[in-house]
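Notes to accompany the following structure.
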Amino acid sequence: MSEKVKLSYKGKDFEFPLVEGSENEKGIDIKSLRSQTGLITYDPGYKNTGSCKSDITFLDGEEGILRYRGYSIEDLCEKASFIEVAFLLIFGDMPSKKELNYFNNEIRKDSLVDEDLKSILKSFPKSAHPMGVLSSLTSGLIAFNPSSVDIESEDDVREAIIMLIAKFPILASWTHRKVKGLPLNYANTSLSYVQNIAHMMFKLPHQDYEPSSVVVNALNKLLILHADHEQNCSTSTVRIVGSSHAGLFASVSAGISALWGPLHGGANQAVIEMLESIKHDGGDTKKYMEKAKDKNDPFRLMGFGHRVYKNFDPRARIIKKAADEVLDELGIDDPVLNIAKALEKEALCDPYFIERKLYPNVDFYSGIIYRALGIPTEMFTVMFALGRLPGWIAQWSEMRKNNEPIGRPRQIYSGSNHRPV
Ligand code: ACO
């Protein structure tokens with residue numbers, strides 16, 4: 001007999017079944033809670049709430065495990081390209097050579113956007129935050145590609161997915177080029193997906209550009225490491241928006257807005273801003289270590305600690321190596337990056353950080369790489385979005401295929417009781 005959980009309320013016992021995942025994660029299935037007991041659950045931030053069953057990503061924060069469709073990120077970062085990982089997340093398996101070629105060709109064919117989209121971009125001030133611009137342009141794609149997606153049609157869904165994967169790097173690079181005052185460019189279809197991202201962002205109009213293999217390799221890893229992280233804030237946003245049967249582009253546009261916040265994707269920007277302010281204050285890292293440990297001081301060492309990973313962030317281990325390689329290859333001597341190295345060294349042997357298991361997280365090193373590559377700080381979260389796109393698409397598709405009901409939480413009302421006007 002399957003296991004049940006008992007709940008007693010007002011002298012009555014109620015039973016609820018357990019749901020168990022493929023990695024033995026257990027949850028209480030409370031679908032019938034309200035109809036049986038008249039009660040709802042109260043769980044701000046959904047810290048104890050499973051919103052769905054998902055086959056896509058497995059994460060174990062205690063053990064520092066992150067796997068996409070069963071493959072460890074360590075293995076994927078070593079052996080796969082970002083576009084193979086995108087295929088894996090979205091379609092469920094690693095592509096064969098033939099499938100990969102076909103997928104790449106479909107993407108290349110669609111690597112264009114309507115020229116009129118440029119007028120939307122033009123209407124933003126240069127000072128607009130790239131994440132706001134990216135979200136608007138992604139939404140703008142709907143107007144230029146209005147045909148609705150029949151979720152029952154594999155061809156329709158695939159077409160929408162390919163369109164978004166192909167066009168998104170163009171939109172992302174345009175937000176960068178606008179900030180930099182550079183002419184807008186298009187993909188070079190002889191390049192790989194990741195080489196193309198570097199090409200579209202960094203190619204200057206008066207110079208040839210060939211991205212170094214170390215830079216492409218680091219970008220490839222960064223994008224893979226950000227590609228999915230199960231039901232985080234932006235992914236849950238994409239799923240909940242899509243649950244109203246809003247289209248893929250609209251759902252992803254909402255996900256971009258969710259990712260923008262400093263408590264989510266915006267943390268990589270906060271790391272560099274912190275390092276810069278330490279530099280402007282004389283570069284005394286010891287002073288900031290003391291501030292971080294002082295309970296009367298709100299200062300925290302940005303890029304350290306993680307809500308889910310309590311022993312180490314497996315993504316940070318991989319990306320630290322890539323960051324060292326990029327800094328070596330580019331021969332960069334940047335005082336801000338030297339401050340980062342000093343902080344890292346001090347924190348890793350400081351009892352306060354050791355006892356609380358506060359290790360550098362993925363954002364600490366990703367910010368360092370982006371800065372070394374010359375990407376403006378406010379573009380960091382756009383880079384995150386480029387990586388997260390396949391995850392959002394995979395989660396949106398899974399939610400629609402499973403025919404999940406519209407997301408509509410309840411509340412405990414705590415306002416005024418009825419009163420006359
Ligand atoms: N600097 C100094 N002290 C810290 C830090 C830090 N970065 N992070 C946690 N602590 C301390 C807390 O003060 C607390 O100390 P106490 O036990 O003496 O009270 C203890 O460590 C536990 O901290 P919590 O806040 O309870 O840990 P939580 O899991 O809630 O927070 C979080 C995790 C938000 C990531 C936190 O570590 C933090 O603010 N880090 C800096 C911001 C950051 O880098 N965010 C990016 C996360 S990665 C990502 O989103 C992709």
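For reference, positions follow the sequence shown, starting with 1. Order of listing sets the numbers, starting from 1, for every ligand and every atom in it.
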Q: Could you give me the CA-CA distance, side-chain angles and deciding distance for Tyr288 and Phe299, then say whether ring pair (Phe, Tyr, Trp, His ring centres under 6.0 Å) is met?
A: CA-CA 8 Å; Tyr288 281 87; Phe299 176 79; 5.3 Å; yes
Per-atom contacts, ligand 1 versus [X] - under 4.0 Å to a heavy atom:
| X | result |
| --- | --- |
| Gly303 | 43 (C), 44 (O) |
| His306 | 29 (O), 33 (C), 35 (C), 37 (O), 48 (S) |
| Ala267 | 45 (N), 46 (C) |
| Gly305 | 35 (C), 37 (O) |

Would you mind telling me which of [options] makes a side chain to side chain contact (heavy atoms under 4.5 Å, CB included) with [X]?
| X | options | value |
| --- | --- | --- |
| Ile272 | Tyr370, Phe380, Phe364 | Phe380 |
| Phe82 | Leu76, Leu223, Leu386 | Leu223 |
| Ser173 | Met379, Met200, His199 | Met200 |

Q | Heavy-atom check, side chain of Glu159 versus side chain of Glu106, under 4.5 Å | A |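 Not touching, per the 4.5 Å side-chain cut-off.
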Q. Can you find a heavy atom in the side chain of Glu15 that is under 4.5 Å from one in the side chain of Val5?
A.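 With C-beta onward as the side chain, the pair stays apart.
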**Q.** Test item: Lys310 side-chain N/O and His306 main-chain N/O as donor-acceptor pair under 3.5 Å
**A.**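 Confirmed, Lys310 side chain pairs with His306 backbone.
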Between [X] and [Y] (judged by ring centroids, cut-off 6.0 Å), do the two rings come close enough to count as a pair?
| X | Y | answer |
| --- | --- | --- |
| Phe312 | Tyr359 | no |
| Trp174 | Tyr186 | yes |
| Tyr9 | Phe14 | no |

Nearest to [atom], what protein heavy atom do you find, and at what distance?
| atom | result |
| --- | --- |
| atom 9 (C) of ligand 1 | Leu358 CD2, 3.4 Å |
| atom 20 (C) of ligand 1 | Arg356 CD, 3.7 Å |
| atom 40 (N) of ligand 1 | Phe304 O, 2.8 Å |
| atom 51 (C) of ligand 1 | Asp363 OD2, 3.2 Å |
| atom 14 (C) of ligand 1 | Lys295 NZ, 4.0 Å |
| atom 1 (N) of ligand 1 | Leu301 N, 3.1 Å |
| atom 42 (C) of ligand 1 | Met302 CE, 3.4 Å |
| atom 27 (O) of ligand 1 | Lys310 NZ, 4.0 Å |

(Q) Regarding ligand 1, does Phe353 bring an N or O atom to under 3.5 Å of one of the ligand's N or O atoms? (A)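 Phe353 vs ligand 1: no N/O contact under 3.5 Å.
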Q. Is atom 18 (O) of ligand 1 less than 4.0 angstrom from at least one protein heavy atom?
A.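 Yes; the ligand atom in question has protein heavy-atom contact below 4.0 Å.
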(Q) Within the protein, is there a heavy atom lying under 4.0 Å from atom 47 (C) of ligand 1? (A)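 So far as the 4.0 Å threshold goes, atom 47 (C) of ligand 1 is in reach of a protein heavy atom.
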Q) What distance separates Leu389 CG from His226 NE2, expressed to the nearest 0.5 Å? A)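 Taking CG in Leu389 and NE2 in His226, the distance rounds to 14.0 Å.
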**Q.** Proximity to ligand 1 by part of Arg300, non-hydrogen separation under 4.0 Å
**A.**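 Both backbone and side chain.
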So is [X] in contact with ligand 1, going by heavy-atom distances below 4.0 Å?
| X | answer |
| --- | --- |
| His229 | no |
| Lys293 | no |
| Tyr352 | yes |

Q.
Against the six-membered ring of Tyr352, is Arg356 placed for a cation-pi contact (under 6.0 Å from the centre, within 45° of the normal)?
A.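 Verdict for Tyr352: a cation-pi partner in Arg356.
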